[in-house]
Amino acid sequence: MPRSRARARPPPVETWAPISTVSSEKKKLRFAPSPTGALHIGGARTALYNWLLARGSGGSLVLRIEDTDRERSTGENVEQILDALRWLELDWDEGPLSQHERADRHGERLRELLDADKAYHSLATAETVKAQKAQSNLGFRGEPVAPGTEGAAVRLRVPEGTTIVHDEIRGDISFDNSVHDDPVIARGDGSVLYNFAVAIDDLDMGITDVVRGDDHLSNTPKQVIVMEQLGETPPRYAHLPLLHGPDGKKLSKRHGAASVQELASAGYLPAAVRNYLALLGWGAADDQTLLSTDELVRQFSIERVGRSSAIFDEKKLRWINGRYMRELPLEEYERRFAEQLSRADPAAAEAFAAGDAERRRAALQIAQEKAQTLDDVWPLVRFLFEDPPNDEKAWRKVMKDGTRPLLEDAAAALREADPFEPASIEASLAPILAARGVKPGQLYQPIRVAISGGAVSPGIFESLAVLGRDSAVSRIDRAVTRLR
RNA sequence: GGCCCCGUGGUGUAACGGUCAGCACGCGAGGUUUUCAUCCUCGUAGCGCGAGUUCGACUCUCGCCGGGGCUACCA
C-alpha cells in the first residue's frame, strides 16, 4: 500500500481515549442522493465518509434515493449515481431504496401528526407567505382549513421555543422557532415533501448518524421538529463543509471535472480518488497523505473533519494518482489500462490488443513509473504497437548535421547486440559515445525520435528492447535515409 | 432582507494558551539521469482586520470585514 515515504513513525503512544471513541458501537449510516444529475465529487465525498464510518464501526450503510420529486428524478440519473458508486468501489448493505415507494408509510405518519393537531391543512401559497414575510421577519403561520379541502397542502405546526441541532462537527446550533415558517410537508395532492420523508425514513431505518453536506444544515431543524412532534428521538447529525469550485461557489455541474464519471474517464484510479477525497476536509492525526482504504477505514473519524469548505485541486489528485499508479500490481494495471483505452480510443485499443501478451506487459511496465494517470500510458507506448507518429518539432530539435553517422553506428551496434535486452543494448551503444566524442543525449535522443517518433518515451534501452531488434533497426535506417 | 455556517501560505491540512506556525500538492533553484517523469536537497509563501481576556494568543470573547449555505406545494 502506498504510504508517504518510509519515514520513522513515532512509537505508539499510550492514549486514553474517551470511552465513546474506543467503544465498538455499530453505526448505521445512509447515503441519500437525489437523482437530479451525475454524482459530483462533493456527493462522492459524502458517500465515502458515510461508507468509511459504516465500515470503521462494523455497522452498515443504506443507500436511499431521495426521489420524492417525481419530476426531477429519472431512472437514468439513478443509474448514473449507482455507476459512480460502483466505480468508486463503495458498496452498501441496504438498498438502493426508493423514498418515493415508501409513500404509504409516509402517509401513515403524516396522519398521526394531523390527528394530533401537530400539522394542519392550508391553502396558503408561496406568494402569500412571501408577502407576509415582507412585513415581519417572523415565521409564517397558516390559516388552517378543513381537511379534505381541495388542493390544500399540509403544513407542520412549528412549536414555540428553540430547536437545537447537535452537530458532531460544529457543536450545538440553535434555531429560534419563531422565525421558522410552518413548512409544507405534503403537497395538495397528498404526496409528501423531502423534509418530511427524510425524517420518517431516517427514523424507520434506524439511522444512528446522518452525515451529509452543509447545504442541509438549515433543513435539519425542520426534520428534527417533525421527529420531536412525533415523539421520536433524532439521530446524531454531522454536516460536512461544502466543496467549492475554483470560483469559491458551491460545486455544481457547471464546474469542470466535477463528476465522478469525468474522473473515471480521465484515467484516475478509484483508490487514489478515495484517498484524495478523504483528504478534502479531513486529515490523518499523523499528517499522512497517502493512506490505503484500509488505513482510512481504521483512522477516519468525524471528530477530525474540518469545518471550512475546500476547493477541489486536480493537481494534487494527479500526484496522488501517480503514486498509486506506481504501486499498481501488473495484472490490475493491465486490466484497468485496457478498459480505459477501449473506452477512450477504440482504434488504439485494437492496436494494443493486437500486440502479443508479453509485449503488452513489457510496454506497460516501462511506462508505469512515468504515468500519473491511465491516460498518460498510451502516448508513451503507442510506438510499440503502431507506426510512430511524426513529431516534426522533435525531429528538427534532435536531428542535427552530425546525427546521421551516429544513427548508422547505432543501427550497426543494435544488429550485434546480444541478447537484445536493455543491459546488452546499452553495452553495445555506449562505445559510440567515446568513439564519436559525443554526449549521451546527442546519441540517444536521435534514436528516441527515430524509433518513437517523439522526444519523450520510456527509457531508451528498455524501449529498444521491447520494440525488438528488427523494428528498431529498420526505424533507425529509415531515419538515416531521411537524413541523407 | 432574514436565519445559519465558515475564515492558517495559490491549494488541502496540523496546532487544541507558550512551537523558529509543522506536513503534503503546487511553484522556484540545484543534484541524479539517455528524453520526460521519478527520486534527492534546498528554497518560496500563511494565522482576514480591530478590540478585549491573559504573564502570554492562530488558539478564548466581542465587533467588523470577507466567503458560503438555506430562505419552494426542489432535494
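Throughout, protein chains are lettered first and strands after them, A, B, ... in sequence-line order, and every chain is numbered starting at 1.
A cation-pi arrangement is absent between R298(A) and F300(A), since the terminal nitrogen or guanidinium carbon is not both under 6.0 Å from the aromatic centre and inside a 45° cone about the axis.
Distance CZ (F140(A)) to C1' (C73(B)): 12 Å, rounded to an integer number of Å. The distance from atom CD of Q368(A) to atom P of C39(B) is 14 Å, rounded to the nearest whole Å. Summarising the geometry, the separation between CG on N137(A) and P on U71(B) is reported as 17 Å, rounded to the nearest angstrom. Look at CG on L242(A): it is 16 Å from C1' on G12(B), rounded to the nearest Å. N219(A) has its CG atom 15 Å from the C1' atom of C73(B), to the nearest Å. With rounding to whole Å, W282(A) atom CH2 is found 14 Å from C23(B) atom C1'. For L443(A) and U35(B), the CG to P distance is 12 Å, given to the nearest whole Å. Look at CG on D313(A): it is 9 Å from C1' on G10(B), rounded to the nearest Å.
Of the two residues near RNA chain B, S457(A) and S122(A), the one whose nearest nucleotide lies more 5' is S457(A). Nearest-nucleotide positions on RNA chain B for G281(A) and P458(A) put G281(A) closer to the 5' end.
Across every strand in view, C49(B) sits in a pair with G63(B) that passes the Watson-Crick or G-U test at under 3.5 angstrom. Pair assignment for U34(B) gives none, since no Watson-Crick or G-U wobble pairing has each distance under 3.5 Å. Of the nucleotides present, A29(B) is the one that pairs with U41(B) by Watson-Crick or G-U wobble criteria, both distances under 3.5 Å. Pairing partner, G1(B): U71(B), with both Watson-Crick or wobble hydrogen-bond distances short of 3.5 Å. Within the shown strands, nothing qualifies as a pairing partner of G9(B) under the Watson-Crick or G-U definition with both distances less than 3.5 Å. For A57(B), there is no paired base (Watson-Crick or G-U wobble, both distances below 3.5 Å).
Across C73(B), U34(B), U38(B), the shortest atom-to-atom separation from the side chain of R326(A) is found for U38(B). In the set C74(B), U13(B), C3(B), U13(B) carries the atom at the smallest distance from any side-chain atom of D287(A). Distance from the side chain of K315(A) is smallest for G26(B) among the nucleotides A14(B), G26(B), C5(B). In this structure, of A15(B), A37(B), A75(B), it is A37(B) that holds the atom nearest to the side chain of E369(A). Candidate nucleotides C4(B), C6(B), A75(B) were compared by shortest atom distance to the side chain of L217(A), and C4(B) ranks first. Checking U35(B), C4(B), A75(B) against the side-chain heavy atoms of R448(A) singles out U35(B) as nearest. Nearest to the side chain of S308(A), among G69(B), G7(B), U35(B), sits G7(B). Relative to the side chain of I460(A), the nucleotides A75(B), G7(B), U34(B) differ in distance, and U34(B) lies closest. Considering only the side chain of R307(A), G7(B) comes nearest among U34(B), A75(B), G7(B). Each of C25(B), C3(B), C36(B) was ranked by its minimum atom distance to the side chain of K316(A); first place goes to C25(B).
Distance noted for atom P between U53(B) and U41(B): 47 Å (whole Å). Separating the C1' atom of G7(B) from that of U13(B) is a span of 14 Å, rounded to the nearest Å. For G66(B) and G22(B), the P atoms lie 31 Å apart once the distance is rounded to whole Å. Spacing of P atoms, C16(B) relative to A72(B), comes out at 43 Å, to the nearest Å. Taking atom P in both C36(B) and C27(B), one finds a spacing of 15 Å when rounded to whole Å. Taking atom P on both nucleotides, U61(B) is separated from U54(B) by 16 Å, rounded to a whole Å. For the P atom pair drawn from G9(B) and G46(B), the interatomic distance equals 9 Å after rounding to whole Å. For the C1' atoms, the distance from U8(B) to A14(B) is 10 Å, rounded to whole Å.
Residue Q445(A) holds its CD atom at 7.5 Å from CD1 of I460(A), rounded to the nearest 0.5 Å.
Backbone-only engagement by L279(A) is indicated by non-hydrogen atom pairs under 4.0 Å involving sugar-phosphate atoms exclusively. Using a 4.0 Å heavy-atom cutoff across all strands shown, H216(A) reaches at least one base atom of the nucleic acid. Residue F175(A) is in sugar-phosphate contact alone, with no base atom involved, counting any heavy-atom pair closer than 4.0 Å across all strands shown. Looking at heavy-atom distances under 4.0 Å, T125(A) makes no contact with the nucleic acid at all.
Considering every non-hydrogen atom in both S122(A) and R155(A), the closest pair reads OG-NE, 3.4 Å. In terms of heavy-atom proximity, A413(A) sits nearest to S428(A) at CB-O, 3.5 Å.
Contact annotation: R187(A) reaches the phosphate of C74(B) (side-chain N/O to OP1 or OP2, under 4.0 Å). Contact annotation: R323(A) does not reach the phosphate of C25(B) (side-chain N/O to OP1 or OP2, under 4.0 Å). The phosphate of C23(B) (OP1 or OP2) has no side-chain N or O of T289(A) nearer than 4.0 angstrom.
Checked against the 6.0 Å centroid threshold, Y444(A) and F461(A) count as a close aromatic pair.
The pair D376(A)-R318(A) meets the salt-bridge criterion, since a charged nitrogen lies less than 4.0 angstrom from a carboxylate oxygen.
Checked by atom type, the side-chain pair H166(A)/D172(A) shows a donor-acceptor distance below 3.5 Å. At a cut-off of 3.5 Å, with distance as the only test, a side-chain donor of Y120(A) or D182(A) sits close to an acceptor on the other residue. A donor-acceptor contact closer than 3.5 angstrom is absent between the side chains of D375(A) and T373(A).
Ring stacking is absent between H244(A) and G67(B), as the pair misses the limits of under 5.5 Å between centres and under 30 degrees between planes.
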